[in-house]
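Below: the structure, in structure tokens.
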Amino acid sequence: MADQLTESKIVKNTTNHVFLFLEIFLQEGGVQSYVKDIFGAYLQLDEIYQADVFILRDSPDCKNPFASERLKFHYFQSNSPAVGRVKLAFSLLWFLLQKRPEHVFCGHIKLAILTKTLCQLLGIPYTVLTYGKEVWKPLNSQERQALASSSNIWTISRYSRDCACAANGIDPNQVEMLPCAIDGNKFTPGPKLPEFIEKYNLSNTKVLMTVARLWSGDIYKGVDVTIRALPQILQVFPDVKYLVIGRGDDQPRLAQLAKDLGVSDHVIFTGFVPTEALIFHYRLADAYIMPSQEGFGIVYLEAMACGIPVLSGDDDGSADPLQDGKLGWRVPHRDSGAVAAACIEILQGNDQRCDGKWLREQALAAFGIDTFPQRLQQILLCSSDLTKN
């Protein structure tokens with residue numbers, strides 16, 4: 001009898017969801033980290049949910065720790081992007097016809113038109129997930145209609161919500177907030193390891209650090225601004241070093257800029273650093289510096305969880321992780337003078353925002369990963385309620 005009741009509960013509470021993404025495991029970045037947190041939280045939910053995940057650009061060979069009976073993955077990587085999209089579209093259509101899931105969650109605006117077309121055809125409600133710049137400017141008419149026709153929209157910060165709504169005529173009441181989260185057991189304070197100090201020649205130095213893609217299309221990350229700030233910082237801290245973690249086609253330009261400014265000896269490009277080694281690099285830093293324009297900025301939480309003070313831009317989604325400046329310095333993102341002045345303040349260490357223990361406690365209290373499953377469950381239930389209404 002007990003087995004029958006258990007089986008009955010599972011059947012009753014099972015909700016079929018579909019998630020649709022461009023890529024998750026092929027690249028590393030803030031969006032990918034956020035999506036992985038969603039998967040991890042999904043598997044912890046009290047309700048017995050099951051979902052199928054369709055990914056356009058990933059392949060079955062990718063390392064995926066989330067694949068299970070409750071999360072089944074379908075990959076459509078192809079040498080031809082057009083072929084991959086066609087395969088995804090037909091597979092998704094067939095799946096929706098056969099399974100009739102309760103809800104579809106579209107993980108990128110570039111997939112929203114396809115999602116709208118199929119879901120409206122079959123009478124299935126859908127939600128669009130947004131992050132940052134991809135929805136901050138006016139979209140084309142079909143993409144705007146795909147947003148407007150969705151049951152609701154998820155986003156990660158107040159700023160991202162406000163920009164998307166203003167640019168595309170979206171009702172703010174249609175937008176639900178699911179901010180990024182940080183795993184305080186994974187990102188922790190610790191000593192600077194001697195092997196890394198030796199590797200990067202950081203003995204007796206103050207270390208500024210940025211983790212970012214060095215792509216020519218992502219100059220908004222502010223690495224060039226920080227390099228331009230170095231001459232002013234060096235007047236106060238002559239032994240400072242700037243550790244730039246990441247790779248991309250913009251590195252030659254950044255390296256040339258450092259050379260032109262005479263600060264090449266103070267800028268270290270590490271190249272790509274795998275996630276498992278990133279924690280040891282955060283611990284090398286005396287300050288995390290990224291005067292950027294972020295949808296949220298998970299890297300700020302990672303640094304603060306390690307007890308590292310942070311600097312961000314003052315007109316973006318970083319207002320949320322930095323709690324409107326309570327937890328860090330926010331400066332005009334293209335103002336190298338403002339960056340330099342703030343860096344000097346941070347390195348002097350006289351502000352409460354430099355107290356690593358306090359900083360970590362505050363960041364985890366607001367954005368700790370432990371509360372993320374509850375937030376996800378609440379927003380899933382909200383999507384379900386909107387559908388019923």
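Computed from a predicted structure; not experimentally measured. Any value given below was found using the heavy atoms of this structure, including those in side chains, with hydrogens, waters and symmetry copies removed.
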(message) On the six-membered ring of Tyr200, is Lys241 placed so that its NZ or CZ lies under 6.0 angstrom from the centre and within 45° of the ring axis?
(response) no
(request) Determine whether more than 12 heavy atoms belonging to other residues, nucleotides or ligands lie under 6.0 Å from atom CD of Gln256. (result) yes
(message) For Phe66 together with Tyr42, are the ring centres under 6.0 Å from each other?
(response) no
(message) Is any side-chain heavy atom of Leu111 closer than 4.5 Å to one of Leu22?
(response) yes
(request) Please confirm whether the backbone N or O of Phe269 pairs with a side-chain atom of Arg247, one donor and one acceptor, at under 3.5 Å? (result) no
(request) Any chance you could measure Cys343, atom SG, to Leu208, atom CG, to the nearest 0.5 Å? (result) 5.0 Å
(request) Could you tell me whether Glu195 and Lys199 have a side-chain N and a carboxylate O separated by less than 4.0 Å? (result) no
(message) In this structure, would Leu359 and Ile279 fall into the same cluster of hydrophobic residues linked by side-chain contacts under 4.5 Å?
(response) yes
(request) Start with the C-alpha distance between Thr275 and Lys186, add both sets of side-chain angles, then the distance that settles side-chain contact (heavy atoms from CB on, under 4.5 Å), and finish with yes or no. (result) CA-CA 10 Å; Thr275 301; Lys186 180 179 179 182; 3.4 Å; yes
(message) Closer than 3.5 angstrom, by distance alone: can the side chain of Arg360 be matched with the main-chain N or O of Gly184 as a donor-acceptor pair?
(response) yes
(request) Could you tell me whether the side chains of Asp52 and His74 share a donor-acceptor contact shorter than 3.5 Å? (result) yes
(request) For the pair Ile38 and Leu376, evaluate side-chain contact (heavy atoms from CB on, under 4.5 Å) and give the outcome as yes or no after the intermediate values. (result) CA-CA 7 Å; Ile38 289 177; Leu376 178 62; 4.3 Å; yes
(message) Please give me the minimum heavy-atom distance between Asp183 and Ile369, naming the atom from each residue.
(response) CA-CG2, 3.7 Å
(request) Assess the side chains of Gln145 and Lys116: does a donor N or O sit below 3.5 Å from an acceptor N or O? (result) no
(message) Could you check whether any side-chain N or O of Arg144 sits under 3.5 Å from a backbone N or O of Leu139, counting only pairs where one atom can act as donor and the other as acceptor?
(response) yes
(message) Applying side-chain contact (heavy atoms from CB on, under 4.5 Å) to Leu45 and Leu380, what does each step give before you reach the verdict?
(response) CA-CA 10 Å; Leu45 297 181; Leu380 285 171; 3.6 Å; yes
(request) Spell out, as yes or no, whether a donor-acceptor pair under 3.5 Å connects the side chain of Arg70 to the backbone of Tyr49. (result) yes
(message) Quick check against the 3.5 Å criterion: does Ser157 have a side-chain atom that pairs as donor or acceptor with the backbone of Phe296?
(response) no
(request) Can you measure from CE (Met177) to CZ (Arg375) and round to the nearest 0.5 angstrom? (result) 9.5 Å
(message) For a 4.5 angstrom cut-off between non-hydrogen side-chain atoms, does Ile344 reach Gln235?
(response) no
(request) May I ask you to decide if Asn173's main-chain N or O and Asp171's side chain share a donor-acceptor pair within less than 3.5 Å? (result) yes
(message) Run the side-chain contact (heavy atoms from CB on, under 4.5 Å) test on Val18 and Leu92 for me, step by step, so that the C-alpha distance in whole Å, both residues' side-chain angles and the decisive distance to 0.1 Å come before the verdict.
(response) CA-CA 9 Å; Val18 169; Leu92 181 60; 4.0 Å; yes
(request) Decide yes or no on salt bridge (Lys or Arg N to Asp or Glu O under 4.0 Å) for Glu143 and Lys110, but give the supporting numbers first. (result) CA-CA 8 Å; Glu143 289 172 339; Lys110 294 301 181 186; 3.5 Å; yes
(message) Using modelled atom types and a 3.5 Å cut-off, is there a donor and acceptor pairing between side-chain atoms of Ser216 and backbone atoms of Asp250?
(response) no
(request) Taking the side chain as every heavy atom from C-beta outward, state whether Leu20 and Leu88 have any pair of such atoms under 4.5 Å apart. (result) yes
(message) Within this structure, what is the CD-CD distance for the pair Glu23 and Glu28, rounded to the nearest 0.5 Å?
(response) 11.5 Å
(message) Please say yes or no: joined through hydrophobic side-chain contacts below 4.5 Å, possibly via intermediate residues, are Val223 and Val240 part of one cluster?
(response) yes
(request) Give a yes or no on whether a salt bridge exists between Arg228 and Asp260, defined as a side-chain N under 4.0 angstrom from a carboxylate O. (result) no
(message) Could you walk me through whether Glu294 and Ser312 satisfy the side-chain hydrogen bond (donor to acceptor under 3.5 Å, both in side chains) test, starting with their C-alpha distance in whole Å, then the side-chain angles of each, then the deciding distance to 0.1 Å, before giving a yes or no?
(response) CA-CA 9 Å; Glu294 300 293 312; Ser312 75; over 6 Å; no
(message) Under a 4.0 Å threshold between the charged nitrogen and the carboxylate oxygen, would Asp286 count as salt-bridged to Lys192?
(response) yes
(request) Taking all non-hydrogen atoms of both residues into account, name the closest pair between His281 and Met209 and its distance. (result) O-SD, 3.2 Å
(message) Any salt bridge linking Arg161 with Asp320? Criterion: basic side-chain nitrogen under 4.0 Å from a carboxylate oxygen.
(response) no
(request) State yes or no: do Ile182 and Val31 share one hydrophobic cluster built from I, L, V, M, F, W and Y residues joined by side-chain heavy-atom distances below 4.5 Å, directly or via other members? (result) yes
(request) Assign the ring pair Phe105 / Phe19 to parallel, tilted or perpendicular, where the plane angle (0 to 90°) is split at 30° and 60°. (result) parallel
(message) If we ignore hydrogens and angles and just use 3.5 Å, is the side chain of Thr130 paired with the main-chain N or O of Trp154 as donor and acceptor?
(response) yes
(request) Please work out whether the ring planes of His108 and Tyr131 are parallel, tilted or perpendicular, with thresholds of 30° and 60°. (result) tilted
(message) I'd like to know whether the aromatic ring centres of Tyr75 and Phe25 sit less than 6.0 Å apart in this structure.
(response) no
(request) Flag yes if Val35 and Leu278 sit in one hydrophobic cluster, no otherwise; membership is Ile, Leu, Val, Met, Phe, Trp, Tyr, and two members link when side-chain heavy atoms are under 4.5 Å apart. (result) yes
(request) Grab the two heavy atoms, one from Ile289 and one from Val339, that are nearest each other, plus how far apart they are. (result) CG2-CG1, 4.2 Å
(message) Looking at every non-hydrogen atom in both residues, tell me the closest pair between Tyr126 and Ala146 and how far apart they are.
(response) OH-O, 2.6 Å
(request) Quick one: closest heavy-atom pair of His333 and Gly313, and the distance? (result) CB-CA, 4.0 Å
(message) Treating Thr205 as the side-chain partner and Val207 as the backbone partner, does any N or O pair qualify as donor plus acceptor under 3.5 Å?
(response) no
(request) Please determine, by modelled atom types, if Asn152 and Thr127 share a side-chain donor-acceptor pair under 3.5 angstrom. (result) yes
(request) Just say parallel, tilted or perpendicular for the rings of Tyr282 and Phe187, cut-offs at 30° and 60°. (result) perpendicular
(request) Any chance you could measure Trp329, atom CH2, to Ile346, atom CD1, to the nearest 0.5 Å? (result) 5.0 Å
(message) Is there a path of hydrophobic side-chain contacts, each under 4.5 Å between heavy atoms of I/L/V/M/F/W/Y residues, joining Ile109 to Leu114?
(response) yes
(message) Measuring from atom CD1 of Ile219 to atom CG of Leu254, what distance do you get when rounded to the nearest 0.5 angstrom?
(response) 9.5 Å
(message) Under a 4.0 Å threshold between the charged nitrogen and the carboxylate oxygen, would Lys133 count as salt-bridged to Asp316?
(response) no
(message) Could you tell me if the side chain of Ile153 sits less than 4.5 Å from the side chain of Leu147, heavy atoms only?
(response) yes
(message) Would you compute the distance between atom OG of Ser149 and atom CD of Gln174 and round it to the nearest 0.5 angstrom?
(response) 8.5 Å
(request) Would you indicate whether the side-chain heavy atoms of Phe54 and Phe95 approach each other to under 4.5 Å? (result) yes
(message) Could you check whether any side-chain N or O of Trp136 sits under 3.5 Å from a backbone N or O of Gly132, counting only pairs where one atom can act as donor and the other as acceptor?
(response) yes
(request) Examine the side chains of Ser318 and Tyr159 and answer whether a donor and an acceptor come within less than 3.5 Å of each other. (result) no
(message) I'd like to check Leu311 versus Glu345 (side-chain heavy atoms, cut-off strictly below 4.5 Å). Are they in contact?
(response) no
(request) Using a cut-off of 6.0 Å, state whether more than 12 heavy atoms not belonging to Lys36 lie near its atom NZ. (result) yes
(request) Kindly indicate whether the side chain of Val86, heavy atoms from C-beta on, has any atom under 4.5 Å from the side chain of Phe76. (result) no
(message) Please find the pair of heavy atoms, one from Asp351 and one from Arg353, that lie closest to each other, and give the distance.
(response) OD1-N, 2.8 Å
(message) Less than 4.5 Å apart, side chain to side chain, heavy atoms only: is that true for His266 and Leu234?
(response) yes
